[in-house]
*Asks:* 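One structure coming up, written as structure tokens, with questions to follow.
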Amino acid sequence: MSEAGTTQFAQIDWRGRPVRIEHRWIGPREAGEGGAPLVVFLHEGLGSVAMWKDFPDRLCAEAGVRGLVFSRPGYGRSTPRAADEAWDVDFMHRQAHEVLPAFFDAIGLAEPPWLLGHSDGGSIGLLYAARFPQRVQGLVLLAPHIFVEEVTVKNIEIARQAYLEAGLRERLARYHDDVDSAFWGWNRIWLHPPFASWNIEGELEGVRCPVLAIQGLDDEYGTLAQVHGIAARVPGARVLELPQCGHSPHRDQPGAVISAAAGFMAQPAGA
């Protein structure tokens with residue numbers, strides 16, 4: 001077994017083909033004596049293991065937890081999206097209900113982890129917690145989506161132009177083995193007209209774990225309606241609004257996010 005901190009690969013069967021999942025452990029793989037909890041990091045729609053940079057390590061050190069960072073299929077060094085594979089409106093549901101359970105089974109994960117999700121990763125975390133409430137300790141959500149807003153679609157259209165004309169492709173290529181797989185899988189489904197009706201508000205009633213939802217006040221991809229919608233539907237959910245912060249709170253305000261997440265995860269169950 002590789003040591004913690006090094007890149008590893010697990011294989012799952014998904015959509016009728018073998019798929020490898022890039023992942024990295026932070027700290028010991030097993031809880032051991034003392035039972036430090038595990039945090040699984042769920043990246044954004046264009047993210048990967050590498051794109052988190054040192055944020056997971058910093059959070060784990062501050063909070064005294066172990067970490068698991070991985071790249072979803074189509075991202076990072078995980079198996080790219082097949083050339084003829086177009087994601088449908090349910091693509092985040094498939095990640096939450098199919099990929100995450102298969103990945104956890106493949107690595108032999110038995111303990112219920114905390115899930116820390118950014119953007120699409122936050123939505124996937126909510127969907128997983130709603131479907132498998134006994135398998136989650138809690139959620140920390142950074143700029144999650146629970147429905148589609150006009151501002152989101154507008155800025156994803158801008159991202160498309162930046163990818164084609166303004167060097168975004170070259171910048172993202174550092175983080176993905178197949179950058180076109182990663183970008184177009186995400187961009188095309190979000191701009192697909194039927195996706196405008198995507199909405200998971202009705203599924204949030206299945207979430208039973210502690211939830212901290214963090215939103216930047218300058219988020220170019222979403223408004224406070226997202227996190228307030230979560231708070232209205234998940235009993236006890238807490239909201240943190242961060243000034244001078246865009247769509248990536250862990251990059252724009254890392255200290256505030258780490259402090260809030262560490263404090264939230266350290267609270268006794270039911271507090």
Side-chain angles (χ1 to χ4, degrees), residues 1-82 85 91-92 94-122 124-125 128 132 135-137 139-140 142 172-179 181-182 185-186 250 258 261 265:
M1 182 184 300
S2 299
E3 296 180 357
T6 61
T7 299
Q8 303 176 49
F9 295 93
Q11 183 168 299
I12 66 172
D13 291 319
W14 188 51
R15 291 191 165 189
R17 66 182 181 125
V19 173
R20 75 173 192 171
I21 303 293
E22 173 194 21
H23 61 285
R24 179 172 71 88
W25 293 92
I26 301 169
R29 178 167 177 163
E30 305 297 334
E33 191 170 348
L38 176 69
V39 178
V40 177
F41 293 82
L42 307 176
H43 64 73
E44 63 182 294
L46 292 176
S48 66
V49 167
M51 206 161 177
W52 282 108
K53 299 186 177 178
D54 68 346
F55 173 78
D57 301 82
R58 292 176 60 190
L59 185 143
C60 289
E62 177 75 18
V65 299
R66 298 141 52 230
L68 174 60
V69 192
F70 77 101
S71 299
R72 296 193 297 272
Y75 297 95
R77 297 175 62 192
S78 293
T79 299
R81 181 175 50 88
E85 178 185 346
F91 82 98
M92 283 189 268
R94 285 182 172 269
Q95 294 293 327
H97 299 164
E98 299 171 6
V99 172
L100 260 185
F103 172 55
F104 289 163
D105 285 346
I107 61 173
L109 183 65
E111 64 185 288
W114 282 82
L115 301 179
L116 187 150
H118 174 217
S119 191
D120 287 11
I124 292 166
Y128 182 86
F132 308 108
R135 302 185 194 177
V136 184
Q137 289 280 349
L139 299 172
V140 177
L142 313 180
L172 288 175
R174 293 176 290 175
Y175 303 106
H176 305 283
D177 280 353
D178 187 335
V179 66
S181 168
W186 166 80
H250 60 295
I258 290 171
M265 290 188 289

*Asks:* Check whether any side-chain heavy atom of Val19 lies under 4.5 Å from a side-chain heavy atom of Ser78, and answer yes or no.
*Replies:*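 Counting from C-beta outward, Val19 and Ser78 never come under 4.5 Å.
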*Asks:* Between Arg17 and Glu85, does at least one N-O distance fall below 4.0 Å, as a salt bridge requires?
*Replies:*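 The answer is yes: the pair qualifies as a salt bridge.
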*Asks:* Between atom CG of Leu115 and atom CZ of Phe41, what is the distance when rounded to the nearest 0.5 Å?
*Replies:*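 Leu115 atom CG to Phe41 atom CZ measures 10.5 Å (nearest 0.5 Å).
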*Asks:* With rounding to the nearest 0.5 angstrom, report the CG to CG distance, Leu116 to Leu68.
*Replies:*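 Going from CG on Leu116 over to CG on Leu68, the span is 12.0 Å.
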*Asks:* Got Phe9 and Arg77 here, is their nearest side-chain heavy-atom distance under 4.5 Å?
*Replies:*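 Side-chain contact under 4.5 Å: yes.
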*Asks:* If you define the side chain from C-beta out and look only at heavy atoms, does anything of Phe55 sit under 4.5 Å from Val69?
*Replies:*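 Counting from C-beta outward, Phe55 and Val69 never come under 4.5 Å.
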*Asks:* Say you draw a straight line from CH2 of Trp14 to CD1 of Ile21; how long is it, rounded to the nearest 0.5 Å?
*Replies:*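 The distance works out to 8.5 Å.
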*Asks:* If you take all heavy atoms of Ile107 and Ala10, which pair is closest and at what distance?
*Replies:*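 Scanning both residues completely, I find the closest heavy atoms to be CG2-CB, 3.9 Å.
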*Asks:* If you take all heavy atoms of Gly121 and Leu42, which pair is closest and at what distance?
*Replies:*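 For Gly121 and Leu42, the tightest heavy-atom pair comes out as O-CD1, 3.4 Å.
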*Asks:* Could you tell me whether the side chain of Val65 reaches within less than 4.5 Å of the side chain of Leu38, counting heavy atoms only?
*Replies:*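 No, side chains not in contact.
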*Asks:* So do the side chains of Val99 and Pro73 get within less than 4.5 Å of each other, counting heavy atoms only?
*Replies:*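 Side chain of Val99 against side chain of Pro73, heavy atoms only: contact under 4.5 Å found.
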*Asks:* Which heavy-atom pair separates Pro56 from Ile26 by the least distance, and what is that distance?
*Replies:*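 Shortest heavy-atom contact: CB-CD1, 3.5 Å.
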*Asks:* Given salt bridge (charged side-chain N to carboxylate O under 4.0 Å, His left out), test Glu111 with Arg66 step by step and report yes or no.
*Replies:* CA-CA 12 Å; Glu111 64 185 288; Arg66 298 141 52 230; 2.8 Å; yes
*Asks:* Determine whether a donor-acceptor pair (N or O, by modelled atom type, separation under 3.5 Å) exists between the side chain of Tyr75 and the backbone of Phe70.
*Replies:*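 Checked: no pair found.
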*Asks:* Going by distance alone, is a donor N or O of one side chain under 3.5 Å from an acceptor N or O of the other, for Ser71 and Glu22?
*Replies:*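 On atom types as modelled, these side chains qualify, holding a pair under 3.5 Å.
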*Asks:* Which atom names give the shortest non-hydrogen contact between Met51 and Glu44, and what distance separates them?
*Replies:*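 So the two residues come closest at CE-OE2, 4.4 Å.
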*Asks:* List the steps, then state whether side-chain contact (heavy atoms from CB on, under 4.5 Å) holds for Val40 with Phe104.
*Replies:* CA-CA 10 Å; Val40 177; Phe104 289 163; 4.2 Å; yes
*Asks:* Minimum heavy-atom separation for Gln137 to Pro112, with atom names?
*Replies:*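 Nearest heavy atoms, Gln137 then Pro112: CG-O, 2.8 Å.
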*Asks:* Does some side-chain heavy atom of Arg72 sit less than 4.5 Å from a side-chain heavy atom of Asp120?
*Replies:*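 Counting from C-beta outward, Asp120 and Arg72 do come under 4.5 Å.
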*Asks:* Please report the closest heavy-atom contact between Gly64 and Pro37, naming both atoms and the distance.
*Replies:*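 So the two residues come closest at O-CD, 4.5 Å.
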*Asks:* Report the distance from atom CE of Met265 to atom CD of Glu62, rounding to the nearest 0.5 Å.
*Replies:*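 So the CE of Met265 and the CD of Glu62 are separated by 10.0 Å.
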*Asks:* Would you say the ring centroid of His118 lies under 6.0 angstrom from that of His43?
*Replies:*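 So the answer is no for these two rings.
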*Asks:* I'd like to know if Arg94 and Glu98 make a salt bridge, using a cut-off of under 4.0 Å between side-chain N and carboxylate O.
*Replies:*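 Between Glu98 and Arg94 there is a salt bridge, with a charged N closer than 4.0 Å to a carboxylate O.
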*Asks:* With rounding to the nearest 0.5 Å, note down the distance linking CG in Leu59 to CH2 in Trp114.
*Replies:*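 So the CG of Leu59 and the CH2 of Trp114 are separated by 11.0 Å.
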*Asks:* Hey, are the side chains of Arg29 and Gln8 touching, using non-hydrogen atoms and a 4.5 Å cut-off?
*Replies:*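 Result yes, sub-4.5 Å side-chain heavy-atom pair found.
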*Asks:* Do Tyr175 and Lys53 have side chains that get closer than 4.5 Å, going by heavy atoms?
*Replies:*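 They are in side-chain contact.
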*Asks:* Please lay out, stage by stage, how Tyr128 and Gln95 fare under the test side-chain contact (heavy atoms from CB on, under 4.5 Å).
*Replies:* CA-CA 9 Å; Tyr128 182 86; Gln95 294 293 327; over 6 Å; no
*Asks:* Starting at CD1 of Ile258, measure out to NE2 of His250 and round the result to the nearest 0.5 Å.
*Replies:*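 Those atoms lie 10.5 Å apart.
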*Asks:* Classify the ring geometry between His23 and Trp25 as parallel (under 30°), tilted (30 to 60°) or perpendicular (over 60°).
*Replies:*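 If you compare the ring of His23 with that of Trp25, the planes turn out perpendicular.
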*Asks:* Please answer whether the main-chain N or O of His176 pairs with a side-chain N or O of Ser48 as donor and acceptor at a distance below 3.5 Å.
*Replies:*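 Such a contact is absent between Ser48 side chain and His176 backbone.
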*Asks:* Using the side-chain hydrogen bond (donor to acceptor under 3.5 Å, both in side chains) rule, pick out the option among Asp57, Thr7, Thr6 that qualifies with Arg24.
*Replies:*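 One option only clears the test, and that one is Asp57.
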